[in-house]
Asker: 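Just dropping this structure here.
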Amino acid sequence: MVNEPEPQHAVGGGDDGRYAHFWPHPESDARLTTAGDPCNVTLFFNVFNVPLSSGILERRCLLAPRSIGRHGAPVERADMADASSIFPGAWAEWRSLKVALTEAQPDGAVVELSGAEIVIQALVDEGVEIVFGYPGGSVLHIYDALFKQGSLKHILVRHEQAAAHAADGYASATGKCGVCLVTSGPGATNAVTGIATAYMDSIPMVVLTGQVPTPFIGSDAFQEVDTVGITRPCVKHNFLVKDVRDLAMTIRKAFHIATTGRPGPVVIDIPKDVTDPNIKIPYVYPREIKMRSYNPVEKGHPGQIRKAVDLMLEAKRPVFYTGGGVVLGDGSAQLTELAHATGFPVTSTLMGLGAFPMTDRQFIGMLGMHGTYEANMAMHETDVLIAIGARFDDRVTGKIEHFCPHARIIHIDVDPSSIAKNVKVDVPIVGQVASVLADMLRLYQERKPSSPEAPVAEWWTKINEWRGLDCLKYDRSSAAIKPQFAVETLYKVTNGELYLTSDVGQHQMFAAQFHPFDKPRRWINSGGLGTMGYGLPAAMGVQLAHPEAQVACISGDASILMCIQELATCQQYRLPIKVVLLNNGYMGMVRQWQELFYESRYSHSYVDALPDFVKLSESFGHVGMRIERPEDLEDAMREAFAMRDRFVFLDVIVDPTENVYPMIMAGKGHHEMQLSPSHSDRELA
Amino acid sequence: MRHIIAVLLENEAGALSRVAGLFSARGYNIESLTVAPTDDPTLSRMTLVTTGNDEIVEQIKKQLNKLVDTVKLLDLSEGSHIEREMMMVKVRAERQDREELKRLADIFRANIIDVTDTSYVIEMTGASKKLDAFIDALPEGLIIEVVRSGPTGIARGAKGLTLS
């Protein structure tokens, strides 16, 4: 520090007499530059004694900026004394501090924190608002620091898997990084399913796991597990922090890695002694970060983009095939603009739904195993495939030898290892989807043909013919509730304003087929790993991110039981989620495969002894409703969604024999779809 | 085809297991892997030998590059390069075989680095094929133990696989 104020000025008010809060000088430009959020900067006087060589203790005063509260949280001005009234040197001190912080000098150490406090303060400095977690022995120091602060909100889940799923849901709905905090051993292993789920779907997440104290590592201590080893194959990166001095930088790196490039979960394993409340070290959160080994690509190569646009201009039967990367990379607006400029049809993977408005005429439905006839046939016939943020998953491609046999393929992806992994690509473009699409659009506009519809008009005639088959039609006269009808009713009742999370199975596919999403980040499910039990905890994360929004979880009677304990969390935090349970008494998708491929030998797919879901939800303090007749469904749903402040569990008894169609059987190509039995009289192309 | 890939890694705990884990998780072949810190103690250099068709090797390189600990990577097989492996062979060296073994070591420019009444340890360095040839040349039944380091490699010419 440059200025050394007189000791007598340094005694301020504050929590314990050591600190004096005050509002930064009204003309201070510093508050715009130091803490990132001008509303939330206060200064801390930190008075401490410095031993001089003569042995005399000199009192010094330092100032530290400290963000308080979440972004935008009101700060009571009355709490703050004016800086200059406390000591005259404050303003000069503040300026020099600003310089010190801006230059990130290591000796700009201004506040002393323990490891546990660093964890909390670093999260606050990262702009984290909510942490999902569950306490335990190894993280008790951190939980104590959590108790003593008021900026971070902690959501206590009832199982660590749910903490990870909730953080996943939160991240999916907002684009921010999800954060969870769990203890060592079983805390970490329970979270692994959630971490792997996030990894497969490239969800930005930081997972803090407790670890036994460093001297005990490797001794098979109580609740010890090699968390870094166990999570290595299902994280983007992980860290074991062995020294409290590395903690702040590691947390900074973790958030950087989790949220940039192709996002993904990052685990930070923190031994208990690293968070020791008695060991305090100077803390400055590193603003700048540079990692020589990690430099994700931003812009796409202009030459490649030109080649891609060349192909698009030549195309007679083009298709946009878009994936979760468009959602993750916030490229929805650019995609929509490019699609409208070109007039090309758009199909999407399960994870990409909503990136392009599904009610738009240019949207031809989801593709793949349970995709629409028109989308899959278009894939089979296309001559130029523009794959954007999609990874050619086996559920999408069908038999790889039959995949897009006539197409030249453009593939835009931020992850080079996604390109040409499963399918050979003609024009690879590595870059952020939004930036590449914007560049493409610019180039396309410059060179676009005078009447853009003309070149693909014939193609649309063909697609509309396929569309005419109405591949998703089902029996609407059924006396039982058809699951498709339940999803359609859900859409009707919520006016397309819903955030919908899903578990895994038939209900997931029905939702993807029958609930159109017109905005990204509205459809939230486990696509890659296919984790049953994901839906309910993910909905908690979504509801906490958007407290005023309508959030529903569509589930099945088998999936919902896998994280049913979270009904308690929903009650504790009064989360007004609506669960729409398509109850068919079976693991529906397993039953469907057994019917089709195992001659109806329903081996252990019938869930005998289901609970009474109405009573079950009531026992947790929620509202439960059972609906058994199609004519009651809409009113019941309206009633449920009218309860804006209550969690409502809708147990919808659906036709147990209904299957998901169309379907591409294993080993078949896109053009070999099987339609529902109601289409059996129709000839396939 | 056989590829020899050199990787500069952050010299951090766990970096090696990330590479090893990657190969097992994705089912890639790995023939050998050697690793040691470089002149810059914050960096390790790894040399690994793998086999696969072009697509697989391309994917291996992409996956290696994707590891957060990977700083730089070079497929040495793509250019002119030098490959060396170190081997120590412990052989039975009874009176009647001692001269023959000594001559053989000389022919291959190997060194005898440990001698007892009944054994030699022969050290030799060279391309892996040369080491194979030496083992083939040794009289049958005399080998007690073979230890090989796995190949390391470096590109020819003035350019280096360095940070700058």
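Chain letters run A, B, ... following the sequence lines, proteins first, then strands; residues in each count from 1.
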Asker: Keeping A:T397 on the side-chain end and A:I400 on the backbone end, is there a donor-acceptor pair under 3.5 Å?
Answerer: no
Asker: Non-hydrogen atoms of chain B under 4.5 Å away: do they reach the side chain of A:R292, the backbone, both or neither?
Answerer: both
Asker: Which region of B:S17, side chain (C-beta onward) or backbone (N, CA, C, O), has a non-hydrogen atom less than 4.5 Å from a non-hydrogen atom of chain A, or is it both or neither?
Answerer: both
Asker: Specify which of B:T42, B:L22, B:I56 makes the most heavy-atom pairs with chain A at under 4.5 Å.
Answerer: B:T42
Asker: Exactly one of A:T209, A:I268, A:I270 should register a side-chain contact (heavy atoms from CB on, under 4.5 Å) with A:T227. Which one does?
Answerer: A:T209
Asker: Does a donor on one side chain and an acceptor on the other come within less than 3.5 Å for A:T231 and A:N238?
Answerer: yes
Asker: If you count heavy-atom pairs under 4.5 Å with chain A, which of B:K61, B:E12, B:Q63, B:R18 comes out on top?
Answerer: B:R18
Asker: Whether A:D246 and A:K242 form a salt bridge (side-chain N of Lys/Arg under 4.0 Å from carboxylate O of Asp/Glu) is what I want to check.
Answerer: no
Asker: I need the residue from A:V228, A:I419, A:N295 with the largest number of non-hydrogen atom pairs under 4.5 Å to chain B.
Answerer: A:I419
Asker: At a heavy-atom separation under 4.5 Å, does B:L163 approach chain A through its side chain, its backbone, both, or neither?
Answerer: side chain
Asker: Contact between A:I410 and A:D426 at the side-chain level, heavy atoms closer than 4.5 Å - yes or no?
Answerer: no
Asker: For B:E58, which atoms come within 4.5 Å of any heavy atom of chain A: side chain, backbone, both, or neither?
Answerer: neither
Asker: Please check if any side-chain donor atom of A:Y294 sits under 3.5 Å from a side-chain acceptor atom of A:K236, or the reverse.
Answerer: yes
